[in-house]
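Here is the structure we will look at, set down as structure tokens.
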Amino acid sequence: NNLIQTIDNSPFSNLENLLTLSLSENKLKKINSLTFFGLKNLEKLDLNDNEIVEIEKAPFKHTPNLIKLNLEKNKLDENISKLENLYCLE
């Protein structure tokens, strides 16, 4: 709940051992293809309660261990087929 509106490319690139990331209750509008670059061990990602309206193609290709993804309470109205590279989600 920090009112974050944007995330630059690869801000987490040095956090390869991070397992859980919560960006919930912010003002994020867009997830780009390099937002989560470097988070190769990330298992849980919470993007709940933002204002996400756009997700670029394959934003999770750098998170091969992601098993929990929360996108509730956003403004997504597009086809979520862009969510490539999600191998196993609970």
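Not measured: the values here are computed from a predicted model.
By the side-chain contact (heavy atoms from CB on, under 4.5 Å) test, D8 pairs with no residue at all, sequence neighbours left out. When the side-chain contact (heavy atoms from CB on, under 4.5 Å) test is applied to S10, the partners found at least two apart in sequence or on another chain are S13, L34, F37. For E51, the salt bridge (charged side-chain N to carboxylate O under 4.0 Å, His left out) partners at least two apart in sequence or on another chain are K27, K29. The salt bridge (charged side-chain N to carboxylate O under 4.0 Å, His left out) search around K30 returns E56, not counting sequence neighbours.
Side chain of N26 to backbone of Q5: no donor-acceptor contact under 3.5 angstrom is found.
Side-chain contact between L66 and L45: present, with at least one pair of heavy atoms (C-beta onward) separated by less than 4.5 Å. In this structure, N48 and L71 have side chains that are not in contact, with every pair of non-hydrogen atoms separated by 4.5 Å or more. Between N70 and L47, every side-chain heavy-atom pair lies at or beyond the 4.5 Å cut-off.
Listed by first and then second residue, the ring pair (Phe, Tyr, Trp, His ring centres under 6.0 Å) pairs that reach into residues 1-27 come to none, sequence neighbours excluded.
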For I31 and I52, run side chain to side chain contact (heavy atoms under 4.5 Å, CB included): C-alpha distance rounded to whole Å, both residues' side-chain angles, the deciding distance at 0.1 Å, then the answer. CA-CA 7 Å; I31 302 299; I52 299 171; 4.0 Å; yes
Under 3.5 Å, sequence neighbours excluded: what are the donor-acceptor pairs made by side chains of residues 14-23?
residue : atom : partner : partner atom : Å
S22     : OG   : S24     : OG           : 3.2

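How far CG of L39 is from CZ of F60: 11.0 Å, rounded to the nearest 0.5 Å. Once rounded to the nearest 0.5 Å, the distance linking CD of E25 with CG of N50 reads 9.0 Å. How far NE2 of H62 is from CG of L42: 13.0 Å, rounded to the nearest 0.5 Å.
Of all heavy-atom pairs spanning S33 and K57, the tightest one is CB-O, 3.5 Å.
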